[in-house]
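Beneath this line is the structure, given in structure tokens, with notes to follow.
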Amino acid sequence: MKKYLIAFAAFTIVTASANAQTKRNATDDANIVHHEKRGSKNHRSDKTMMMKQLNLSDAQKQQAKSLKEDFKAQHKQLEEGKNSLSMQDYQSKKQQLRKDQRSKFESILTSDQKSKMADLTKDQRQKRHEMKKGERGQMKSSLNLTDDQVSKLQQQHENFKSQAKAIKENNTYTEEQKKKNLTDLRKQIHESDKTILTAEQLQKKEEMRNKRTHEMKHGMKNKITEKS
């Protein structure tokens with residue numbers, strides 16, 4: 001009986017640990033998606049603001065609308081044939097499609113509007129840079145990080161982005177293998193945190209992540225309620 005209880009207790013601990021890790025991975029995935037969506041939303045907002053400040057004529061607005069619809073149709077066609085392309089070819093075609101769209105849009109602008117667009121683009125890039133800088137500063141303040149810790153975490157983040165990109169673009173991997181490799185990579189980053197942050201900072205970071213996840217879920221519930 002005693003052996004049974006010990007075995008059961010061990011099984012319970014292992015299961016709880018596995019569930020906790022699964023939740024952490026799910027939280028990380030949710031946060032990544034959240035940041036990607038927020039970045040995409042901010043980008044759309046910037047484009048909308050730029051269009052207003054360019055003060056397009058009615059004829060230019062109609063041309064811009066046609067270009068947008070043409071781009072959407074080509075983008076949809078590219079997405080539908082995505083599985084028949086290598087990741088490298090897909091990214092290349094997607095990048096070229098956006099480049100062509102920008103070139104066609106600039107062709108309908110006056111010289112003054114092109115100059116204004118260049119200035120606005122520069123300002124928006126600077127604004128995004130300042131926002132990222134502010135986020136890093138907020139984390140530094142909240143966790144009371146040293147300059148050395150900030151430097152190491154930033155390098156860690158760049159390494160993660162580079163390795164994650166390599167995994168996603170590796171066509172020798174199946175989708176399941178990519179998911180597993182990304183999960184393993186996140187685990188490595190989590191372990192690496194332990195060599196950079198103190199125990200108190202790790203706990204604070206976990207609390208901040210849980211709070212952010214709670215706010216995300218709460219925000220989603222509010223949106224669902226508003227639509228009902």
Side-chain angles (χ1 to χ4, degrees), residues 29-138 157-158 160-162 164-169 171 175 178 182 212 215-228:
D29 290 342
N31 287 333
I32 291 172
V33 171
H34 169 69
H35 286 299
E36 289 178 346
K37 286 185 176 180
R38 185 176 66 177
S40 178
K41 183 178 180 181
N42 289 339
H43 182 64
R44 288 196 299 272
S45 177
D46 287 344
K47 286 183 68 175
T48 301
M49 184 65 68
M50 181 184 289
M51 292 291 283
K52 289 181 179 179
Q53 294 186 44
L54 288 178
N55 194 27
L56 301 178
S57 66
D58 290 340
Q60 286 177 315
K61 289 179 181 177
Q62 186 59 45
Q63 286 176 295
K65 183 179 179 181
S66 297
L67 288 175
K68 183 178 180 181
E69 290 174 350
D70 183 51
F71 171 79
K72 287 174 66 177
Q74 292 184 63
H75 186 265
K76 181 180 179 182
Q77 185 177 12
L78 177 61
E79 289 297 318
E80 289 175 346
K82 179 179 179 180
N83 293 334
S84 62
L85 300 172
S86 68
M87 181 59 70
Q88 186 176 358
D89 286 343
Y90 167 73
Q91 293 292 350
S92 177
K93 288 179 179 295
K94 191 172 184 179
Q95 185 177 7
Q96 186 62 46
L97 186 59
R98 288 174 175 170
K99 184 178 180 180
D100 290 344
Q101 185 204 25
R102 183 181 180 87
S103 178
K104 289 176 182 178
F105 177 72
E106 288 180 350
S107 70
I108 71 174
L109 302 179
T110 65
S111 297
D112 288 342
Q113 287 172 328
K114 289 179 182 178
S115 178
K116 178 69 172 178
M117 183 176 175
D119 291 339
L120 291 172
T121 300
K122 183 178 179 180
D123 290 343
Q124 288 173 359
R125 286 175 180 170
Q126 182 62 29
K127 184 179 72 173
R128 286 195 289 269
H129 174 73
E130 291 299 325
M131 284 178 63
K132 289 182 179 179
K133 186 177 179 181
E135 289 175 354
R136 289 196 295 268
Q138 185 180 9
H157 178 67
E158 292 302 321
F160 173 80
K161 284 174 59 179
S162 176
K165 181 181 179 183
I167 291 172
K168 291 176 181 178
E169 295 180 356
N171 295 320
E175 288 303 315
K178 288 181 180 181
L182 287 172
R212 186 165 61 244
E215 290 173 348
M216 287 165 53
K217 290 180 179 179
H218 186 68
M220 291 176 64
K221 286 181 180 179
N222 286 341
K223 286 183 180 181
I224 293 173
T225 302
E226 290 173 1
K227 291 180 180 180
S228 302

>> Checking the side chain of Gln113 only, and the main-chain atoms of Thr110 only, is there a donor and an acceptor separated by less than 3.5 Å?
In response: yes
> Counting only heavy atoms not in Gln77, do more than 12 sit closer than 6.0 Å to its CD atom?
Replying inline: no
> Are the side chain of Ser84 and the backbone N or O of Gly81 linked by a donor-acceptor pair below 3.5 Å?
Replying inline: yes
> Could you state the interatomic distance from CZ (Phe160) to CG (Leu182), rounded to the nearest 0.5 Å?
Replying inline: 6.5 Å
>> Could you check whether any side-chain heavy atom of Lys82 comes within less than 4.5 Å of a side-chain heavy atom of Lys94, counting everything from C-beta outward?
In response: no
> Counting distance only, does the side-chain N/O of Ser103 pair as donor-acceptor with the main-chain N or O of Asp100 below 3.5 Å?
Replying inline: no
> Under 4.5 Å between any side-chain heavy atoms of Asp70 and Lys104, yes or no?
Replying inline: yes
> Has Lys72 got more than 12 heavy atoms of other residues, nucleotides or ligands less than 6.0 Å from its NZ?
Replying inline: no
> Is the shortest heavy-atom distance from the side chain of Gln60 to the side chain of Gln63 under 4.5 Å?
Replying inline: yes
> Are any of the side-chain heavy atoms of Leu56 and Leu109 separated by less than 4.5 Å?
Replying inline: yes
> Between Lys114 and Glu106, what is the shortest heavy-atom contact and its length?
Replying inline: CE-O, 2.9 Å
> What do the steps show when you test Thr121 against Arg102 for side chain to side chain contact (heavy atoms under 4.5 Å, CB included), and what is the final call?
Replying inline: CA-CA 12 Å; Thr121 300; Arg102 183 181 180 87; 3.8 Å; yes
> When you look at CD of Gln95, are more than 12 heavy atoms from neighbouring residues, nucleotides or ligands closer to it than 6.0 Å?
Replying inline: no
> Is there a side-chain contact between Lys68 and Phe105 (heavy atoms, below 4.5 Å)?
Replying inline: no
> Is there a side chain to side chain contact (heavy atoms under 4.5 Å, CB included) between Tyr90 and Glu79 once you walk through the steps?
Replying inline: CA-CA 9 Å; Tyr90 167 73; Glu79 289 297 318; 2.4 Å; yes
> Can you tell if the side chain of Gln96 reaches within under 4.5 Å of the side chain of Lys93, non-hydrogen atoms only?
Replying inline: no
> Counting only N and O atoms by type, is there a donor-acceptor contact under 3.5 Å from the side chain of Lys116 to the main-chain atoms of Leu54?
Replying inline: no
> Taking side chain as C-beta onward, heavy atoms only, is Met117 less than 4.5 Å from Gln53?
Replying inline: no
>> Distance check, rounded to the nearest 0.5 Å: Leu85 atom CG versus Gln91 atom CD?
In response: 11.0 Å
> When rounded to the nearest 0.5 angstrom, what is the spacing between CZ in Arg98 and CD in Gln74?
Replying inline: 13.5 Å
